[in-house]
Amino acid sequence: MGTWPAGSQGNTVYIGAAVPLTGAYAVQGEDERKGMELAIEHINSNHELMKKLAPKINNGVLGKKVGFLSADSAAKPNQALQVEQTFINQNKIVAMIGSTSSAVAVALNKFAQREKILYMAGISGSNDTTGKDCVRYGFRQGVYGEMCANAIGPILVKQFGKNRKAAFMTPDYTYGHTTTESVREFLVKQAGWTMVTNQVSPLGTQDFSQYLTNIANAGADFLINVNWGRDAVLSSQQAKQFGLLPKMTLVLPYQIPFFAREAGVDISEGVFAATDFWWTLEDKYPLAKQFVESFQKKYGYRPEWGAENGYMSFAHWARMVTEAGSFYPPDVIKQWEKGEPVPHLLGDFHYRPQDHQYVRPVIIVRGKAKKDMKNPEDFWEVVEVVPGDKVIQPPDAFGCKLGDYT
Amino acid sequence: MINWANFISQCFNGLVLGALLALISSGLTIIYGTLGVLNLAHGAMFMLGGYAGWMAYTYTGSFIVAVVAGALFVMVVGLITEQLIIRHFYSRPPEDQLLVTFGLGIVFVEAVRFFFGSLSKTVPPPAPLTGITQLGFMVYPTYRIGLLAIIAVALFVLYWVLYRTRIGMIVRAGIEDSVMVDSLGINVYRIFMLVFGIGAMAAGFAGIVNAPVVSVAPDVGDAILVQTFVVVVIGGVGSFPGAILGGLIAGEIISLTSMVNPAYSYVMLFVAMTLVLVLRPRGLLGSVGRE
């Protein structure tokens, strides 16, 4: 079955990551890859932080070192599948990871189920990843569109009131459409907001002028930009060039790592965004502090949430395998499905057995002004840490039906 | 009902986008028309222009220096590339040329990624062109209006060189009959090298003047390359006026379609290209019988 038992017979077990190192999500993918690399290092060296997340690791898992393989997915489903297929053929990987684009996550979900190899989505914002496209072999640690909409929605309504007009910008794939729908539905139903236009652009668009022209003529007072990665940076920069910002209030429902650094603080200032992690959480959470410190020591900058996501996904895999005491995939899956509290940098949360989604907090941040930044990476202030169970939908809401174990 | 403000805005938008595409395509089409080489590294040269300009801007703070540096750097890259690699491929099958130029493009992109990373770089517009201008029907970024003028001048200069100078005359004669030109005692290969350099320079110049609109990143050339080829096919492969007409048509198609549904704008561009290929296979302004 899959790569079992062949993949776990040597001295090393391999995990294969498909991360975008080129294209519109390259910057985020690189950060994610570094988080994974650090996690593997920590698993193999009994690092103090990893010991807390997965106590039974012992210079590796179940007596074996963990080997990390990664290659460029370019955020394209086909390329990601090829990458993982190669790792399966050549290294008999026992688990797969990566995405940074939900189109990739959904494709790898299906692939994982077919090949019977565990898969952890990296950054994946689509409701479908653990919704209608969920699988028995797939797990998601991070937050996604619906959770973010339910977390950021009340804050927008409280801050800006009811009956406002919003223009949406949406990347044309599963993440974009489901996130836009979740945010729109929350704002319409809870506060009577109107979506005056929804500009849908392909992933990797560079010149957004035609979309912005439509928005300029639509009479909105909010620009809800669901674009991600460089698409979000370019569209926001160009919105400013077109004079839409700061006339309209920019909202990023699914925050983009490195956005502030790339687009500039004059654009990110005052912007509300929902995210997985922000490094200043280290002030309140000791494990977060350990993570940020060891990441910064190795890579010379503070991790963004791509790195956190990659690190945590690997930590959880190591925990599940060591707790189950086996690499046999159904045993590991059943360990995940116990729904026990699983530690995170921000406290203990659990995976839902029904859809394999981690019920973890959503962090709401707001962009700082240049004068308030305490160091060059102090871009966002944490407004609220919203508990996951407050914002997550019922497990059957998006039609998840997990497949077979074998 | 048509929203006229939006319609006029999008028409104008299409003009700006079209001008940029025309400029990049003109470089591609000059190289093809003269040397018969389909330069798949053209997108990467566009990107190189942006980076060279950004470097120059970082050191000098001058936009004009950035533009000159971007254009000249890529011209030099073009000249060196032609001498070291491309000229060995003139007499080889077209698929060899495609592969070698495609490979060159990858090398340029990965080299830039190696040195500068994937984080995009910004070049601000020159001071007089910052901010927005009220056009009546809409507000528009001042720099993009300026860009229209900058590109118009660049295209005029290119036209003038090709059609009004001795070098241009030799180039055009070389296209028609290189053996004859050679036998007149003119070094055709020196001219070919120059043509490749000029074509590359057009891409590099476009890359840096476009940098204040779209930040510079290693893969900015990828998407542009595809659109540029569509433009060249619509206008007529090898035709300089065709590149300009094709560029403007492509810009308008993308912008006007997006008024109805942006998701279809690129689909419509390819529909237009297909129509041209079916109804007029040599392109709107392509000449008859040219190889």
Side-chain angles (χ1 to χ4, degrees), chain A residues 20-31 72 74 169-173 176-177 197-219 229-231 233-245 247 257-259 261-264 267 301, chain B residues 3-14 16-17 20-21 106 109-110 113 117-122 124-125 130-134 137-144 210 212-215 217-224 227 251 254-267:
Chain A
L21 301 174
T22 58
Y25 295 171
V27 176
Q28 293 74 20
E30 180 59 37
D31 188 51
D72 182 21
M169 295 187 89
T170 305
D172 193 8
Y173 69 101
H177 292 294
T197 178
N198 181 22
Q199 296 294 313
V200 180
S201 53
L203 179 58
T205 298
Q206 292 181 6
D207 186 348
F208 286 85
S209 54
Q210 77 251 34
Y211 310 101
L212 296 166
T213 304
N214 289 341
I215 291 172
N217 288 296
R230 192 181 303 129
D231 293 353
V233 172
L234 292 180
S235 55
S236 302
Q237 281 175 339
Q238 290 168 32
K240 186 163 190 278
Q241 289 170 14
F242 271 80
L244 303 186
L245 303 179
K247 213 172 67 189
F258 302 96
F259 178 87
R261 204 180 300 237
E262 225 174 341
I267 289 181
Y301 68 93
Chain B
N3 174 345
W4 285 103
N6 200 15
F7 179 76
I8 299 169
S9 309
Q10 287 292 15
C11 285
F12 188 75
N13 230 342
V16 179
L17 178 61
L20 182 76
L21 288 175
I106 293 176
V109 170
E110 290 309 317
R113 197 190 304 283
S118 288
L119 217 60
S120 59
K121 316 286 183 199
T122 319
T130 47
I132 49 177
T133 301
Q134 183 58 249
F137 52 91
M138 73 177 298
V139 289
Y140 211 77
T142 310
Y143 180 73
R144 291 198 192 211
N210 194 44
V213 175
V214 173
S215 307
D219 25 37
V220 281
D222 297 2
I224 283 284
Q227 291 169 32
I254 292 172
S255 290
L256 292 179
T257 311
S258 69
M259 200 173 65
V260 186
N261 185 344
Y264 287 105
S265 51
Y266 289 95
V267 177

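Residue numbering restarts at 1 for every chain, and letters A, B, ... go by the order of the sequence lines.
For a residue to count as touching a neighbouring chain, one of its non-hydrogen atoms must lie under 4.5 Å from one of that chain's; by this rule B:Thr257 does not touch chain A. For a residue to count as touching a neighbouring chain, one of its non-hydrogen atoms must lie under 4.5 Å from one of that chain's; by this rule A:Glu30 does not touch chain B. Neither the backbone nor the side chain of B:Pro125 comes within less than 4.5 Å of any heavy atom of chain A. Heavy atoms of A:Ser209 lying under 4.5 Å from chain B belong to its backbone as well as its side chain. Proximity to chain A is limited to the side chain of B:Thr122, based on heavy atoms less than 4.5 angstrom apart. Within the 4.5 angstrom heavy-atom criterion, only side-chain atoms of B:Asn13, from C-beta onward, approach chain A. Looking at B:Val109, neither its backbone nor its side chain comes within 4.5 Å of chain A, counting heavy atoms on both sides. Looking at B:Leu256, neither its backbone nor its side chain comes within 4.5 Å of chain A, counting heavy atoms on both sides.
A donor-acceptor pair under 3.5 Å is formed between the side chain of B:Gln10 and the backbone N or O of A:Gln210. The backbone N or O of B:Ser118 lies less than 3.5 Å from a partner atom in the side chain of A:Arg230, making a donor-acceptor pair. For the pair A:Gln241 (side chain) and B:Pro141 (backbone), a donor-acceptor distance under 3.5 Å is absent.
The candidate with the highest count of non-hydrogen atom pairs below 4.5 Å against chain A, out of B:Ile224, B:Val213, B:Asn261, is B:Val213. Each of A:Asp207, A:Asp172, A:Leu212, A:Leu244 has some count of heavy-atom pairs under 4.5 Å with chain B, and the biggest count is that of A:Asp207.
Residues satisfying the ring-ring contact (aromatic ring centres under 6.0 Å, His included) test with B:Tyr143, not counting sequence neighbours, are B:Phe63. The side-chain contact (heavy atoms from CB on, under 4.5 Å) test applied to B:Asp222 returns B:Asp219, not counting sequence neighbours.
Between A:Val233 and B:Ser120, the shortest heavy-atom distance links the atoms CG1-OG, 4.4 Å.
From B:Met259, atom CE reaches atom OH of A:Tyr211 across 14.5 Å, with rounding to the nearest 0.5 Å.
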